[in-house]
Amino acid sequence: MQRFLALALGVGLVLGVAGRANAQSPTPATARPDLKTLRARGVRTRARLEKEFARWTLLFPTRQGAQVEVEVVRTPFAVRRVIRLRLPERPAREVLRVIEREGSWYVSEAGGTRGVYAPRTAPFLFSRAYRYLDAARLPLVSAQLGTAAGREGERLAYRRPLTPFQRRGLERVVAVLRRRRGLGKTPQVKARLRQALHALEEGERVLVDPVLGFEVAFGPPGFRARLAAFQWVKDLDLGVFATDGPVLVDQRKLTLAKGLKAEWVQFAHAGLWRAGMRRIDLDLREIELSSGTVRRPPVSLSYALPGPRLPDGGRLVRASDVHGLGLYRVSPTGVARRLGGTALRAGACQASTLSPDGKTVAVLHVRDEERGEAQLTLIDLATERVSRIGVPFHAGETLSWFPDGKSLLVARRERILPDAPPYSAVLRVHVLGGRFENLRRGDAPVFILEGKRILYRDKRGRWNYCQADGTGPRQFGNGLSEHGSPAPGPRGERLLMIEANSEGPRPVVVDARTGRSTPLPLDEVQSEGLWGLPTWGS
């Protein structure tokens, strides 16, 4: 089943234009309601859903010609959401079932996660699951709906302009598809090219049910949803909420051996990825080091990438929206809020790091992805004031504060010749004045052993360490050439890294004094897939 899902869902969704949504509701008047009226109707529908029974189904087309179905049954006391995959000329197969009642999630995932979880903490192998589950909560009519574009039956059609981020992404897709078409690829590729070009010209096409006050065909190109059916239900068989099948283990509390303290680390993970796949969505995971317990931190976002833990028990994460890859501050209860205002609204936030006093976040922000230059940016956590340091440059994958909190450790990459590997220099960037100071040649630098040494990768892909001023280089362990993405622990005595092997990247803990690498104690199911972006979480 995991192989079936990976082949069907692991490489993303098709660019498409949703068809007619057949929600069961009274025929609306011929006049087009204004935006305020539509939103008011949506608010009334939401209020009604808190008191009555309803069911609906959303459909998502996929790149392989398959279709993902999300069926929702909602009552005031429980909600059931079922994700099914339907391949052409095959019956639908259930991928995931989530029953939410009494403040808990009862989860059954095909070949994967099973158990009773706190809401939004189930670590699904199917990393897009939260995106589908969240889309199943039909959105109110957007305040940026766009221009009217006629009707499709009883539904009102609108054109919503693409953001610059969406437009650049579609332009890249068009370039790839044109190359494929030139190689004589299938009619399906040609159809996707036509759809992408149409989306670039017309923007996102949105359909609205004027009675429900919901958008019923919506979503960015590549993740379109269509409401296939909606109905209010008077007589509902409450057996749909039963959880008396195979025993679901309670995963809401972590039990450790006496004397041990829970120690959590963070990674990004996609459980259905297998060697040979090009790309797949990643989502945030936490692993308890001594037990190997895997969970998803309670984050209100549909997916998130790891970031530093904050003094208040919250965390920083990154996630994409219609504007780009943004930096979010997540409260201890999981509520996420985007940081940076207009300064960080567009583009992509790369590595981020918290200052030693816990008051300031430094982030590498790439505004123009075509040029790829990053701007070192500081965010004051108390005031959320944003300031920039120095000039933009091609930055490496890591970012750290010096122990004194007055400068930052980063790598600068420079390509000398088109056919030569990039030259990377380890830099010290002074916060006051933005002066760049070259320490030595190397890449991916981080501090280890309480900031007394710098670990870095040389041009041969081996790991070395030096003094904090860049002098005295020595090889780290045996060079650990199969390892990458270093993330030091609180005192720098251990590192999280990603070790590459024939089955794919796997998370490990490395002793910063000896260079000895130890795999994390994961079970067979959870250890598979794509792991990356380690961050020490406690």
Side-chain angles (χ1 to χ4, degrees), residues 98 102-109 112-125 127 130 243 246-269 271 282-299 304-317 330-334 354 358 448-450 485-499 505-514 516-529 531-538:
V98 178
E102 299 168 346
S104 297
W105 280 21
Y106 296 80
V107 173
S108 297
E109 183 183 22
T113 301
R114 298 182 60 85
V116 185
Y117 289 85
R120 304 189 70 85
T121 63
F124 302 128
L125 296 183
S127 55
Y130 279 98
T243 56
V247 176
L248 299 178
V249 178
D250 194 335
Q251 304 284 358
R252 290 170 293 186
K253 293 183 179 180
L254 174 68
T255 302
L256 295 176
K258 187 176 181 180
L260 291 178
K261 179 182 178 182
E263 192 172 24
W264 295 94
V265 294
Q266 300 176 31
F267 288 86
H269 184 230
L282 297 169
D283 192 22
L284 178 61
R285 296 290 179 266
E286 282 191 332
I287 305 174
E288 203 289 309
L289 284 181
S290 61
S291 67
T293 297
V294 180
R295 71 181 184 190
R296 183 186 197 264
V299 177
L305 301 177
R309 188 175 293 275
L310 300 176
D312 65 359
R315 70 188 73 238
L316 295 177
V317 303
V330 181
S331 71
T333 60
L354 185 65
I448 59 174
L449 302 177
E450 298 181 336
S485 303
R491 292 180 298 277
E493 297 175 351
R494 292 174 295 168
L495 301 110
L496 299 172
M497 298 187 80
I498 300 294
E499 180 183 13
R506 294 291 184 266
V508 296
V509 177
V510 177
D511 187 299
R513 297 188 183 277
T514 66
R516 181 178 299 173
S517 175
T518 305
L520 270 66
L522 301 170
D523 64 37
E524 183 177 355
V525 173
Q526 290 289 356
S527 67
E528 293 185 329
W531 291 90
L533 304 176
T535 304
W536 212 275
S538 59

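Computed from a prediction, not measured in an experiment: that's the story for all the values here.
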Any chance you could lay out the side chain to side chain contact (heavy atoms under 4.5 Å, CB included) test for Leu522 and Val294, step after step, and finish with the verdict? CA-CA 8 Å; Leu522 301 170; Val294 180; 3.6 Å; yes

Side chains of [X] and [Y] in contact at under 4.5 Å (non-hydrogen atoms):
| X | Y | result |
| --- | --- | --- |
| Met497 | Ser517 | no |
| Leu520 | Val265 | yes |
| Tyr130 | Leu284 | no |
| Pro311 | Leu354 | yes |
| Arg285 | Arg296 | yes |
| Leu310 | Leu316 | yes |

Closest non-hydrogen atom pair between [X] and [Y], with its separation:
| X | Y | answer |
| --- | --- | --- |
| Trp536 | Gly489 | CD2-CA, 3.4 Å |
| Gln266 | Gly307 | OE1-O, 3.4 Å |
| Phe267 | Ile498 | CE2-CD1, 3.7 Å |
| Glu524 | Ser527 | O-OG, 3.0 Å |
| Lys261 | Leu256 | C-CD1, 3.7 Å |
| Gly492 | Ala512 | O-CB, 3.2 Å |

Begin from the C-alpha positions of Leu248 and Val107 and carry the test side chain to side chain contact (heavy atoms under 4.5 Å, CB included) through to its verdict. CA-CA 8 Å; Leu248 299 178; Val107 173; over 6 Å; no

Tell me, with the steps shown, if Leu496 and Val508 meet side chain to side chain contact (heavy atoms under 4.5 Å, CB included). CA-CA 6 Å; Leu496 299 172; Val508 296; over 6 Å; no

Within this structure, what is the [atom1]-[atom2] distance for the pair [X] and [Y], rounded to the nearest 0.5 Å?
| X | Y | atom1 | atom2 | value |
| --- | --- | --- | --- | --- |
| Leu260 | Thr255 | CG | OG1 | 12.0 Å |
| Thr518 | Glu499 | OG1 | CD | 10.0 Å |
| Leu305 | Leu533 | CG | CG | 6.0 Å |

Verdict with supporting geometry, Val509 and Leu495, side chain to side chain contact (heavy atoms under 4.5 Å, CB included): CA-CA 6 Å; Val509 177; Leu495 301 110; over 6 Å; no

Sequence neighbours left out, cut at 3.5 Å: what donor-acceptor pairs do the side chains of residues 114-122 make with other protein atoms?
{"from": "Arg120", "atom 1": "NE", "to": "Val299", "atom 2": "O", "distance (Å)": "2.9"}
{"from": "Arg120", "atom 1": "NH1", "to": "Asp134", "atom 2": "OD1", "distance (Å)": "2.9"}
{"from": "Arg120", "atom 1": "NH2", "to": "Asp134", "atom 2": "OD2", "distance (Å)": "3.0"}
{"from": "Arg120", "atom 1": "NH2", "to": "Ser300", "atom 2": "O", "distance (Å)": "3.4"}
{"from": "Arg120", "atom 1": "NH2", "to": "Leu301", "atom 2": "O", "distance (Å)": "3.0"}
{"from": "Thr121", "atom 1": "OG1", "to": "Ala118", "atom 2": "N", "distance (Å)": "3.4"}
{"from": "Thr121", "atom 1": "OG1", "to": "Ala118", "atom 2": "O", "distance (Å)": "2.6"}

How would you list, by chain and number, every residue that makes a salt bridge (charged side-chain N to carboxylate O under 4.0 Å, His left out) with Arg506, sequence neighbours excluded?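 So Arg506 forms a salt bridge (charged side-chain N to carboxylate O under 4.0 Å, His left out) with Glu503.
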
List the residues meeting side-chain hydrogen bond (donor to acceptor under 3.5 Å, both in side chains) with [X], not counting sequence neighbours, and say none if there are none.
| X | result |
| --- | --- |
| Glu288 | Ser290, Ser291 |
| Thr333 | Ser331 |
| Arg491 | none |
| Asp250 | Arg252 |

Do Asp511 and Arg494 pass the salt bridge (charged side-chain N to carboxylate O under 4.0 Å, His left out) test, and can you show the C-alpha distance, the side-chain angles, and the key distance before you say yes or no? CA-CA 5 Å; Asp511 187 299; Arg494 292 174 295 168; over 6 Å; no

Is the backbone of Pro308 close enough, under 3.5 Å, to the side chain of Thr535 for a donor and an acceptor to pair up by distance? no

Quick one: does His269's side chain have a donor or acceptor within less than 3.5 Å of a partner on Glu528's backbone? yes

